[in-house]
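This report concerns only the one structure given below.
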Amino acid sequence: MWLVLLTYQLATLLLIRAENPCYRHSTFRSPANSDIEVFCGAQTLKLHILLCPIYFRGYNESLMSLNSQHSKQACKGTADWAVDPPIVKFNFSITETGISECDNSLAVTQEVGTGVFSEFSHVEYINISGMVCSKDPSKNPITYHQEVMYKFSCRYPLQYFINNTQMSVSGANLVIKDNNGSFISTLSMGLYSDNSYSSSLLMPQEGLELKTRIFVEVRASNLSNRFNVLLDRCYVTASPFIIDTSFHDLFVGCDRDIQTIVMTNGDQQEARFSFEAFRFIQSSDDIISTYYVHCATRLCVNSICPALVQNCTSSRRRRSVGDNQDTTVSDSATITSSPIYTKLEKGHMSGSEDPQESHHTVVVVSIIAGIIGLICLTLIVVIVLKTYNAKSAVGKTILYPPE
């Protein structure tokens, strides 16, 4: 009897080993630090962990969870036996809810600005970290299973790296490049015709009237509510290229154009300002003036943003068209609007007017004026004659011939 039972158990064990690829795989060994692969993605943080070392320790995918949150299904991994070597996958979204659901930690740090933001005293980073832990299957007070634990972290600098630009009717949607854990989101710039930012600016073909107020909004989506949008500089160029010799600053920090009004900046997940439509002097011969708005944008922790907004020095000044000082911002942090058209102001003659057409207009006007003058002169002569005849009739003596 015992021999039959032992044979049955041995056959069951061999059958299980035959069905599980791990028992004959080269990664069926003790766990190592190299077993985990971390993907710091744009919207999701993903983990790939070798599955066979977990089986080697006597666990399986159902006994592994993020930060020991074994009672939450969302914190458990999914086995992928179709790949070689087999892995267990974990993932969660980079949002306030996604990070906290499985008790992952999020820390914010500040560092001195470098690169395109070297002139700013603070640049913020976030660090998302956690661990994948095993749950002992034994129900006894003691165990002989060694715990399996994998730690991970992702560091995201809070600055944007633009990958692609898509123009729309009244705005430009920018898709941000995912590059080794760079903090990724989606920025959009919208142009509006009202201060409530509810009516998109419809650009007429003939262009806007000069001094038409244009309302601009730069918005970030897919952000944690701990971060706000901060515009460091917004300026206008006559071409869609952000590095242009002809440009005009709308504002740089605290230094603003006299017609620029900043409604909100650094205290919400959208920044808003407005300015009046103008023309570049260099395009004075054109019927329509075309230009683009560019904004150097970054993120900041909402508790730190006010200090960054007020961090303005007297060395900053507004630059005019033709200023050659190098304070332009790299395109790696700049968002661009759709084209803005301004038409020629009414009452001004275009330099391309046809002289023959102008001469023809003058001749027609002169003829009409001559006809009106002749009519007036004729009326005056008639009135004078009638008056003269009337006076003659009153003073005339009537003589009767003698009988």
Q) Arg213 and Ser274: side chain to side chain donor-acceptor pair (under 3.5 Å), yes or no, with the steps? A) CA-CA 7 Å; Arg213 184 153 289 276; Ser274 67; 2.8 Å; yes
Q) Just how far is it from atom CG of Leu50 to atom OG of Ser34, taken to the nearest 0.5 Å? A) 7.0 Å
Q: Spell out, as yes or no, whether a donor-acceptor pair under 3.5 Å connects the side chain of Asn91 to the backbone of Leu45.
A: no
Q) Just wondering, do Lys135 and Lys76 contact through their side chains at under 4.5 Å, heavy atoms? A) no
(Q) Once ring pair (Phe, Tyr, Trp, His ring centres under 6.0 Å) is applied, what residue pairs with a partner in residues 47-80 remain, sequence neighbours excluded? (A) Phe28-Phe56, Phe39-His48, Tyr55-Trp81, Tyr59-His145
**Q.** Under 3.5 Å: donor-acceptor pair, side chain of Thr212, backbone of Glu209
**A.** yes
Q. Strictly by modelled atom types, are Ser199 and Ser193 linked by a side-chain donor-acceptor pair under 3.5 Å?
A. no
Q | Under 3.5 Å: donor-acceptor pair, side chain of Lys72, backbone of Glu101 | A | yes
Sequence neighbours left out, cut at 3.5 Å: what donor-acceptor pairs do the side chains of residues 146-154 make with other protein atoms?
{"residue": "Gln146", "atom": "OE1", "partner": "Arg57", "partner atom": "NH1", "Å": "3.2"}
{"residue": "Gln146", "atom": "OE1", "partner": "Arg57", "partner atom": "NH2", "Å": "3.3"}
{"residue": "Tyr150", "atom": "OH", "partner": "Asp35", "partner atom": "OD2", "Å": "3.1"}

Q. What closest approach, in Å, do Met189 and Cys295 show between heavy atoms, and which atom pair accounts for it?
A. CE-SG, 3.7 Å
Q.
Could you tell me if the side chain of Leu208 sits less than 4.5 Å from the side chain of Ile340, heavy atoms only?
A. yes
(Q) Ring centres under 6.0 Å, that's the criterion: do His248 and Tyr291 meet it? (A) no
**Q.** CG (Asn33) with more than 12 external heavy atoms under 6.0 Å
**A.** no
Q: Look up atom CD1 in Ile288 and atom OG1 in Thr342, then write down how far apart they are to the nearest 0.5 Å.
A: 9.0 Å
Q. Of the non-hydrogen atoms in Ile335 and Thr297, which two are nearest, and what is the gap between them?
A. CG2-OG1, 3.7 Å
Q: Would you indicate whether the side-chain heavy atoms of Thr264 and Asp267 approach each other to under 4.5 Å?
A: yes
**Q.** Inter-residue atom distance Phe251.CZ - Tyr235.OH, 0.5 Å rounding
**A.** 12.0 Å
Q: Could you check Arg233 against Val252 for side-chain contact (heavy atoms from CB on, under 4.5 Å), going step by step and ending with a plain yes or no?
A: CA-CA 4 Å; Arg233 177 195 179 203; Val252 183; 3.6 Å; yes
Q) SG/Cys133 to CD/Gln69 distance, rounded to the nearest 0.5 angstrom? A) 9.5 Å
Q.
Is the shortest side-chain heavy-atom distance between Lys89 and Ile49 below 4.5 Å?
A. no
Q) Between atom CG of Leu66 and atom SG of Cys75, what is the distance when rounded to the nearest 0.5 Å? A) 5.5 Å
Q) Do the side chain of Asn60 and the main chain of Ser62 share a donor and acceptor less than 3.5 angstrom apart? A) yes
Q) Is there a side chain to side chain donor-acceptor pair (under 3.5 Å) between Ser198 and Asp194 once you walk through the steps? A) CA-CA 7 Å; Ser198 58; Asp194 61 325; 2.7 Å; yes
Q | Parallel, tilted or perpendicular: ring planes of Phe278 versus Phe280, cut at 30 and 60 degrees | A | perpendicular
Q | Asp103 (side chain) donor-acceptor with Asn67 (main chain) under 3.5 angstrom | A | no
**Q.** Smallest separation among heavy atoms of His294 and Thr237, with atom names
**A.** NE2-OG1, 2.7 Å
Q. How long is the span from the CD1 atom in Ile258 to the CD atom in Glu276, to the nearest 0.5 Å?
A. 9.5 Å
Q. How far apart are the closest heavy atoms of Ser337 and Leu191, and which atoms are they?
A. CB-CD2, 4.3 Å
Q. Do any N or O atoms from the side chain of Asp80 and from the backbone of Ile87 form a donor-acceptor pair under 3.5 angstrom?
A. no
Q: Verify side-chain contact (heavy atoms from CB on, under 4.5 Å) between Thr44 and Phe92, making sure each step is shown before the conclusion.
A: CA-CA 6 Å; Thr44 307; Phe92 57 88; 5.8 Å; no
Q | Val218 and Glu270, any side-chain heavy atoms less than 4.5 Å apart | A | no
Q: Could you pull out the closest heavy-atom pair between Gly41 and Ile94, with the gap in Å?
A: O-CD1, 3.3 Å
Q: For Thr78 and Phe90, run side-chain contact (heavy atoms from CB on, under 4.5 Å): C-alpha distance rounded to whole Å, both residues' side-chain angles, the deciding distance at 0.1 Å, then the answer.
A: CA-CA 7 Å; Thr78 302; Phe90 295 85; over 6 Å; no
**Q.** Check: Asn265 side chain, Leu231 main-chain N or O, donor-acceptor pair, under 3.5 Å
**A.** yes
(Q) Contact between Cys52 and Pro86 at the side-chain level, heavy atoms closer than 4.5 Å - yes or no? (A) yes
Q. Any side-chain heavy atom of Val88 sitting closer than 4.5 Å to one from Ile54?
A. yes
Q | Flag side-chain contact, heavy atom, 4.5 Å: Leu63 against Pro137 | A | yes
Q) Checking side-chain contact (heavy atoms from CB on, under 4.5 Å) for the pair Asp249/Asp255: CA distance, chi angles, key distance, verdict? A) CA-CA 9 Å; Asp249 279 324; Asp255 192 1; over 6 Å; no
Q. Got a donor-acceptor contact below 3.5 angstrom from the Thr260 side chain to the Leu250 backbone?
A. yes
(Q) Test: ring pair (Phe, Tyr, Trp, His ring centres under 6.0 Å). Region: residues 188-216. Which pairs qualify, not counting sequence neighbours? (A) Tyr192-Tyr197, Tyr197-Phe215
Q. Which heavy atom in Leu51 sits nearest to a heavy atom in Cys22, and how many Å separate them?
A. C-SG, 4.2 Å
